There are 2 protein chains.
Amino acid sequence: MADESAHRPASADQPALKLEEFLPYRLTVCASLVSQALSRIYCERYKIGVSEWRVLVTLGQFDMMTAKGIGVHSQMHKTKVSRAVAQIERRKLLIRRANRDDMRESFLSLTPAGREIYDELAPIALDFARQLIDTVDEADRAALDRALKKLAERSVQLAPDIVNSGGTR
Amino acid sequence: MADESAHRPASADQPALKLEEFLPYRLTVCASLVSQALSRIYCERYKIGVSEWRVLVTLGQFDMMTAKGIGVHSQMHKTKVSRAVAQIERRKLLIRRANRDDMRESFLSLTPAGREIYDELAPIALDFARQLIDTVDEADRAALDRALKKLAERSVQLAPDIVNSGGTR
DNA sequence: TATTGTTATACTCTATAACTATA
DNA sequence: TATAGTTATAGAGTATAACAATA
């Protein structure tokens with residue numbers, strides 16, 4: 001019987017919806033800010049987009065991988081991977097080598113030039129992430145880690161058929 | 001002198017860059033999954049996009065506001081607000097009332113029909129957020145809250161001129 | 001028939017600037 | 001001159017489907 005206002009009946013057990021406290025909104029804003037700040041580093045310096053960045057990092061991490069493998073690991077649709085790979089190949093940062101056991105796919109890996117850029121970029125990216133996480137209280141870091149895992153997991157449960165496009169399909 | 005491999009010199013104090021552990025990547029993937037799962041609810045049911053959703057929620061929260069105010073509160077660029085407002089107005093979910101003290105702007109508010117949709121949507125959205133946060137250990141929730149604040153803050157410091165477009169400019 | 005990868009296409013979003021009208 | 005808001009436009013990114021080659 002203690003309505004807060006006439007037009008917004010927000011029942012006793014239901015708190016009001018405040019955008020600035022709404023978790024999906026906060027996650028989006030936070031991720032967007034972080035992502036923008038990071039792309040400053042690689043976009044301006046190496047003229048690559050998010051997809052190319054992910055291909056580069058995945059190949060730097062695994063040395064040799066198929067396009068499909070890159071897609072799975074970096075949560076990107078095969079068409080996006082295909083185009084990103086093509087772009088990076090044009091710039092001679094990666095090479096393809098046929099897989100004789102399955103001629104549909106090929107193994108991709110960084111060229112020395114690609115490896116050079118990766119070796120230059122990786123420490124900068126790690127440093128960026130370090131600067132971010134350093135502002136989070138040390139006691140909170142593991143909690144953040146767990147929370148991100150749970151939230152992603154739960155979203156998929158709540159909408160089972162969503163495409164896990166990782167924001168860059 | 002204990003290199004892990006010949007080609008990836010990952011110096012002793014610098015851990016390797018793993019995409020799946022890289023915070024900006026994880027944030028993007030998580031936010032994208034959450035966002036997609038949520039839009040299932042309002043996109044399919046009410047045929048509105050993220051910007052329209054934010055306008056609706058902001059007006060539901062504040063009753064009356066200018067376009068500029070909506071932009072500030074929901075982190076959207078004025079052009080995006082303008083178009084979202086126009087779309088929602090076309091559907092007669094909001095009305096404009098001139099501000100006689102400053103004829104450049106006008107006060108926006110929900111019509112009864114708009115309020116009806118809001119009253120229907122808000123509890124669903126809150127319930128969605130509840131279902132998400134419920135999977136996060138209770139002890140971790142405050143930490144997540146603090147972490148998101150710090151991360152957003154730090155990103156802006158690291159790239160001072162980024163536009164806080166909240167993922168939907 | 002199914003899978004890997006590419007290409008085409010239509011569509012939506014995004015960024016920017018230019019503009020109107022008010023102040 | 002500056003601000004609120006609108007409109008135009010070019011470019012980027014997106015989803016889908018269709019396709020070729022191989023399995």
Side-chain angles (χ1 to χ4, degrees), chain A residues 28 32-33 35-36 39-40 43-44 47-55 58 64-90 94-108 161-169, chain B residues 28 32 35-36 39-40 43-44 47-55 58-59 64-90 94-108 161-169:
Chain A
T28 300
S32 161
L33 287 172
S35 187
Q36 272 189 269
S39 13
R40 281 298 160 86
C43 276
E44 285 171 11
K47 307 287 176 218
I48 56 174
V50 184
S51 329
E52 290 77 25
W53 154 262
R54 287 192 185 174
V55 169
T58 302
M64 187 166 265
M65 208 173 214
T66 66
K68 175 166 199 190
I70 292 175
V72 170
H73 184 252
S74 63
Q75 308 272 36
M76 295 198 294
H77 193 264
K78 62 178 183 172
T79 57
K80 186 138 239 183
V81 175
S82 174
R83 284 182 238 259
V85 164
Q87 204 217 277
I88 289 185
E89 190 188 19
R90 247 177 275 127
L94 73 75
I95 45 162
R96 297 174 203 250
R97 309 219 294 142
N99 174 11
R100 299 210 165 217
D101 295 342
D102 185 344
M103 293 298 283
R104 291 174 303 184
E105 63 186 18
S106 43
F107 297 124
L108 310 172
D161 50 340
I162 61 180
V163 184
N164 194 339
S165 63
T168 175
R169 184 185 266 213
Chain B
T28 300
S32 162
S35 188
Q36 272 189 269
S39 14
R40 281 298 160 87
C43 277
E44 284 170 12
K47 307 288 176 218
I48 56 173
V50 185
S51 328
E52 289 77 25
W53 153 263
R54 288 193 185 173
V55 169
T58 302
L59 287 179
M64 186 167 267
M65 207 174 216
T66 65
K68 175 165 200 191
I70 293 175
V72 170
H73 183 252
S74 63
Q75 308 272 37
M76 295 197 295
H77 192 263
K78 62 178 183 173
T79 57
K80 186 136 238 183
V81 175
S82 174
R83 283 183 239 258
V85 164
Q87 205 219 276
I88 289 185
E89 188 187 21
R90 247 176 276 128
L94 72 76
I95 45 161
R96 299 174 202 247
R97 308 221 292 141
N99 174 11
R100 301 209 165 219
D101 295 342
D102 184 346
M103 293 298 283
R104 290 173 305 182
E105 64 185 18
S106 44
F107 296 123
L108 309 172
D161 49 341
I162 61 181
V163 185
N164 195 338
S165 63
T168 176
R169 181 186 268 216

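The basis for the numbers below is simple: all heavy atoms, side chains too, and nothing from hydrogens, waters or symmetry mates. Since we're looking at a predicted model, the values are computed, not measured. Chain identifiers are assigned alphabetically (A, B, ...) following the order of the sequence lines, protein sequences preceding nucleic acid strands; residue numbering begins at 1 within each chain.
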Nearest-nucleotide pick for K68(B), side chain only, options being dT6(D), dT3(D), dG5(C):
dT3(D)
In whole angstrom, what separates M76(A)'s CE from dG5(C)'s C1'?
14 Å
Here the distance between atom P of dG5(D) and atom CG of L94(B), to the nearest Å, is 13 Å
Here the gap from M76(A) atom CE to S51(A) atom OG, rounded to the nearest 0.5 Å, amounts to 5.5 Å
CD of Q36(A) to CZ of R40(A): how many Å apart, nearest 0.5 Å?
7.0 Å
Between T66(A) and D102(A), is any pair of side-chain heavy atoms under 4.5 Å apart?
no
Atom CD1 of I88(A) and atom P of dG5(C): how far apart are they, to the nearest Å?
15 Å
Roughly how many Å is it from CE in M65(B) to P in dG5(D), rounded to a whole number?
11 Å
Are any non-hydrogen side-chain atoms of L94(A) and V55(A) less than 4.5 angstrom apart?
yes
Nearest-0.5 Å distance that lies between atom CG in L108(B) and atom NZ in K68(B):
14.5 Å
For R54(B) and dC13(C), give me the distance from atom CZ to atom C1', rounded to whole Å.
14 Å
How many whole angstroms separate atom CD of Q87(B) from atom P of dT7(D)?
14 Å
Interatomic distance, CG@L59(B) vs NE2@H73(B), rounded to 0.5 Å, equals 10.5 Å
Encode nucleotides 17-23 of chain D as B, S and - characters from 5' to 3', where the letter depends on protein heavy atoms closer than 4.0 Å: B to the base, S only to sugar-phosphate, - to neither.
B---BBS
